[in-house]
Amino acid sequence: MPQEKTKPKDFIRAIIDEDLRTDKYGGRVHTRFPPEPNGYLHIGHAKSICLNFGIADEYGGLCNLRFDDTNPTKEDVEYVESIMEDVRWLGYDWGDRLYYASDYFEQLYQYAIELIKMGKAYVCDLSPEEIRQYRGTLTEPGKESPYRNRSVEENLDLFQRMRVGEFPDGSRTLRAKIDMASPNLNMRDPVIYRIMRVPHHRTGDKWSIYPMYDFTHCLSDSIERITHSLCTLEFEDHRPLYDWFLDQLGVYHPRQIEFARLNLSHTVMSKRMLGQLVDEGYVRGWDDPRMPTIAGLRRRGYTPEAIRTFCDRIGLAKRDSMVDIALLEHCVREDLNKRAQRVMGVLHPLKVVIENYPEDKVEELDAINNPEDPSMGTRKVPFSRELYIERDDFMENPPKKFFRLAPGREVRLRYAYFITCVDVIKDENTGEVIELRCTYDPATRGGDAPDGRKVRGTLHWVSAAHAIPVEVRLYEHLFLKPDPGDVEKGKTFKEYINPNSLVVLNPCYVEPSLANAKPGERFQFERVGYFCVDSVDSKPGTPVFNRTATLRDTWAKIQKREAKNQ
RNA sequence: UGGGGGAUCGUCCAGCGGCAGGACGACGGGUUCUGGCCCCGUUAACCUAGGUUCGAAUCCUAGUCCCCCAGCCA
């Protein structure tokens, strides 16, 4: 067996290896992905999904999907649906282990009663404002609540009455009795139940109280016999509390491990900011192809494989970092290069008339569908006297390094003929080039010259009479600033939005084979980029294309450099 | 001025007392019917100061800087 270069293990997998070696959990590995159904999943969640489900796969373990639905005022079934769709689309399967924290409400309630009976929890009548004041500050200890030493009987009675809705929202809480002087604010008698007399999307109006995250999460993990509970860095301070509840109750105790969340350059990841972009109309929805949401990336044309590869390559650590979005783009190009069918499409059309080509003649020329994958075969592309080429594939006064079409110059039309530009037609008033007159060499049919002569440039083209007019949407980074979350004084992150993040081109001309392209289908427009048929706005026969990514463009780089040297 | 974390090429991740390595990016070249892909090469880093050691990114000490925490959000 060839010695594969094995990727070094990240610190979490190292911990799991160690736990396996010491038989800490009986050889089991069981993770969970625990989203709150209050928004759409984004690429940052994908990191967590790939981590949790990926580890389960690698270790022959299991990964649960669990909705952390303890706050009915913010949650909705709409999000439950989209989250399940996105996880599935990414290629992961939770089998029959779809859980909701709300499934455990009764058991959680019993655990709370147990805590009360142990004298480890009490009903507190302090108002939210008072609780804040009693909590103290980062540098000063808090004060004990005057309700801290109620009798077990009174606590039991009050808690039961909280449950059935006898008291108004916010009037009382159930708190853990820990240590108001703890340097860790999370340990200063944290609230574990609050009164919220609102219906829950799953339990209806059964409950008037809902448990808090810290209480719910550790016990849900415990109930599900999770071995390794992976979460982001900001929960590091909560780990003592996670452990405290489990220790007090003497139940099965998973291990919480924290890792750094993903930050991606040129975009934002917070639900708050993403929601603002949607609500205030900066983008057209959670699935706008400019959004870093899974739904947006999917609509943009990203593949699950590309996203998974990306999540694998960004690595895993505890330091805060900002991954360059160029890596994401690299991953999608790499994947699409292998699988996307090549087609020809002209984004900025310039008409070309082949003067020596017969008016009524049409030839069907052979084109290769994917040079990276011969099994994808070939197709026919119609060629005729009048064509469209890309406007910037022609320059009247070309610089030295430009080797595309220019007056008197010969280039190849991909899979077709060598043509030579013999005349340039301009608009009388504006001077704009509106048409090129060219001649072709019949001997170069298919794109090779029998006399062995070479041309520097090969251009893509579309037969004017056969072209399908389509709308193409070009996308760029949503933000111009690499870190839009780093807002300068007096500004908002929205001021960094790239005004060219969406450019709509219409009409563009694509080869006729694209007339029946299906929503979600991906193509490489040769020499231009990768495009995906929009799944929302396309109509049968008139596809709308989203640009997933450009091709690497060496020529653009040269131009940029020359411009700078001027 | 409390507590919890973290500092390695421009970016991300390795390295666990023995030549600081990979990926992305950038730059240069080769190849080419996509200025794509692919291939080759170059660039470029251990937060600082001491100490231990034959030898320190790694161990010790003292600093510096960055992130998180004062929701009845998760």
Side-chain angles (χ1 to χ4, degrees), chain A residues 5 7-10 14 34-36 38 68 70-71 73-75 124 126-128 131-133 135-142 169-175 182-188 190-196 209-210 212-214 216-217 231-240 258 260 262 265 271 313-331 333-334 337-338 342 344 367-368 371-372 401-404 412-416 418 444 446-448 454-460 482 524-529 550-558:
Chain A
K5 215 181 269 177
K7 209 183 164 221
K9 294 223 173 176
D10 56 70
E36 182 189 15
N38 70 342
D68 223 328
T70 57
N71 187 352
T73 61
K74 293 190 174 174
E75 296 150 8
C124 181
L126 255 25
S127 68
I131 287 192
R132 184 150 52 82
Q133 284 164 355
R135 186 156 32 224
T137 68
L138 293 178
T139 51
E140 306 157 44
D169 287 9
S171 60
R172 289 179 222 260
T173 55
L174 183 72
R175 296 227 258 162
S182 171
N184 181 344
L185 269 42
N186 295 122
M187 301 300 272
R188 319 240 263 228
V191 171
I192 58 186
Y193 270 92
R194 75 285 217 191
I195 300 171
M196 288 173 115
I209 53 172
Y210 293 95
M212 298 287 290
Y213 165 85
D214 287 302
T216 308
H217 204 89
C231 63
T232 43
L233 252 28
E234 67 270 25
F235 292 102
E236 221 153 7
D237 281 344
H238 295 243
R239 183 162 17 102
E258 311 84 13
L262 170 67
S265 74
K271 277 179 190 170
R313 287 196 190 157
I314 54 176
L316 190 68
K318 294 196 70 161
R319 52 177 167 265
D320 295 309
S321 60
M322 170 80 68
V323 175
D324 193 330
I325 199 167
L327 180 59
L328 216 212
E329 292 166 345
H330 167 82
C331 291
R333 285 193 191 104
E334 181 181 63
N337 175 53
K338 288 180 300 191
R342 272 57 169 173
M344 290 195 284
I368 294 167
E372 306 291 322
K401 284 170 182 159
F402 183 86
F403 44 83
R404 281 118 86 147
R412 171 167 40 235
L413 293 179
R414 182 105 158 127
Y415 300 127
F418 286 12
T444 57
D448 282 306
K454 300 286 183 197
V455 288
R456 288 303 297 276
T458 298
L459 274 42
H460 61 280
Q524 183 197 97
F525 289 9
E526 290 209 42
R527 307 207 309 131
V528 179
T550 61
L551 251 29
R552 283 191 69 220
D553 192 345
T554 309
W555 169 238
K557 236 180 257 179
I558 293 169

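Side chains included, hydrogens not; waters and symmetry mates left out as well; all remaining heavy atoms used. Just so we're on the same page: letters track the sequence lines, and every chain starts at 1.
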C1'-based separation of G22(B) from U32(B) [nearest Å]: 28 Å
So L459(A), base contact, sugar-phosphate only, or nothing? Heavy-atom distance under 4.0 Å. nothing
Measure across N38(A) and E75(A) and return the closest heavy-atom pair with its distance rounded to 0.1 Å. CB-CG, 4.2 Å
What contact category does Y415(A) fall into here, base, sugar-phosphate, or nothing, at under 4.0 angstrom with non-hydrogen atoms? base
Pairing partner of A44(B) (Watson-Crick or G-U wobble, both distances under 3.5 Å): none
Measuring only the P atom in each nucleotide, how far is C47(B) from G35(B)? A whole number of Å is fine. 44 Å
Using whole Å, what does the distance between atom P of nucleotide G35(B) and atom NZ of K454(A) come to? 15 Å
Let's test this: given Watson-Crick or G-U wobble pairing with both distances under 3.5 Å, identify the partner of A7(B). U64(B)
Taking atom C1' in both G55(B) and A20(B), compute the distance separating them and give it to the nearest angstrom. 15 Å
Please tell me if R194(A) has a side-chain N or O lying less than 4.0 Å from either OP1 or OP2 of G71(B). no
Determine the Euclidean distance between corresponding P atoms of C9(B) and A49(B); express it in Å to zero decimal places. 16 Å
How about I368(A) and Y415(A): do any of their side-chain heavy atoms sit closer than 4.5 Å? yes
C72(B), OP1 or OP2 - any side-chain N/O from R135(A) closer than 4.0 Å? yes
Closest to the L327(A) side chain, choosing from C24(B), G36(B), A14(B): C24(B)
Using the C1' atom as the reference point in each nucleotide, state the distance between U52(B) and A57(B) in Å, no decimals. 16 Å
Using purine N1 to pyrimidine N3 plus N6-O4 or O6-N4 for Watson-Crick, or N1-O2 and O6-N3 for G-U wobble, each under 3.5 Å, what pairs with U32(B)? none
Between the side-chain atoms of E372(A) and the base atoms of G36(B), is any donor-acceptor pair under 3.5 Å? yes
Is any N or O donor-acceptor pair between the side chain of R404(A) and the base of G35(B) shorter than 3.5 Å? yes
Counting any heavy atom closer than 4.0 Å, what does R132(A) reach on the DNA or RNA strands: base, sugar-phosphate only, or nothing? sugar-phosphate
Y210(A) atom OH is separated from A74(B) atom P, nearest whole Å, by 12 Å
Using only heavy-atom distances, decide whether a donor-acceptor pair under 3.5 angstrom links the side-chain of R456(A) to the base of U32(B). no
Y213(A) versus E36(A): any side-chain heavy-atom pair under 4.5 Å? no
To the nearest angstrom, how far is R333(A) atom CZ from C38(B) atom P? 11 Å
Nucleotide nearest T458(A) (side chain, heavy atoms from C-beta), chosen from G2(B), U34(B), A26(B): U34(B)
Side chain of E236(A): nearest nucleotide among G4(B), U34(B), G35(B)? G4(B)
Please test F235(A) against H217(A) for side chain to side chain contact (heavy atoms under 4.5 Å, CB included), starting from the C-alpha separation and ending with a verdict. CA-CA 11 Å; F235(A) 292 102; H217(A) 204 89; over 6 Å; no
Assess whether side chain to side chain contact (heavy atoms under 4.5 Å, CB included) is satisfied between R313(A) and H330(A), documenting all intermediate values. CA-CA 11 Å; R313(A) 287 196 190 157; H330(A) 167 82; 3.5 Å; yes
Mind telling me if G71(B) is syn or anti? Syn here is a glycosidic angle within 90° of 0. syn
Atom P, compared across G36(B) and A26(B): separation rounded to whole Å: 12 Å
Record whether the side chain of D324(A) comes under 3.5 Å of the base of G25(B) through a donor-acceptor pair of N or O atoms. no
Kindly say if S321(A) contacts the phosphate of C13(B), meaning a side-chain N or O under 4.0 Å from OP1 or OP2. yes
Side chain of E234(A) only, heavy atoms from C-beta on: which candidate in U34(B), C68(B), C72(B) is closest? C68(B)
If we require ring centres under 5.5 Å and near-parallel planes under 30°, does Y213(A) stack on A74(B)? no
Answer with yes or no whether the side chains of T458(A) and R414(A) bring together a donor and an acceptor at under 3.5 Å. no
Whole angstrom is fine here: how far is it from CG in D237(A) over to C1' in G71(B)? 15 Å
Give P34(A) one of three labels, base, sugar-phosphate or nothing, depending on what nucleic acid heavy atoms sit under 4.0 Å from its own. nothing
Only pairs with both distances under 3.5 Å count, Watson-Crick or wobble alike; so what is the partner of G55(B) in this structure? none
Between A7(B) and U58(B), how far apart are the two C1' atoms, rounded to whole Å? 14 Å
Strand partner of G21(B), provided both Watson-Crick or wobble distances fall under 3.5 Å: C13(B)
Assess whether atom NZ of K9(A) is packed by more than 12 heavy atoms of other residues, nucleotides or ligands within 6.0 Å. yes
Could you work out the separation of A56(B) and C19(B) based on their P atoms and round it to a whole Å? 12 Å
If you pin K318(A) and G315(A) to their nearest nucleotides in RNA chain B, which one's is more 5'? K318(A)
Using a 4.0 Å heavy-atom cut-off, does I314(A) contact any base of the nucleic acid, only the sugar-phosphate backbone, or nothing at all? sugar-phosphate
I want to check something: taking the side chain as every heavy atom from C-beta on, are D237(A) and L185(A) in contact at a cut-off of under 4.5 Å? no
Where each residue is assigned the nucleotide of RNA chain B containing its nearest heavy atom, which of I558(A) and T139(A) is assigned the position nearer the 5′ end? T139(A)
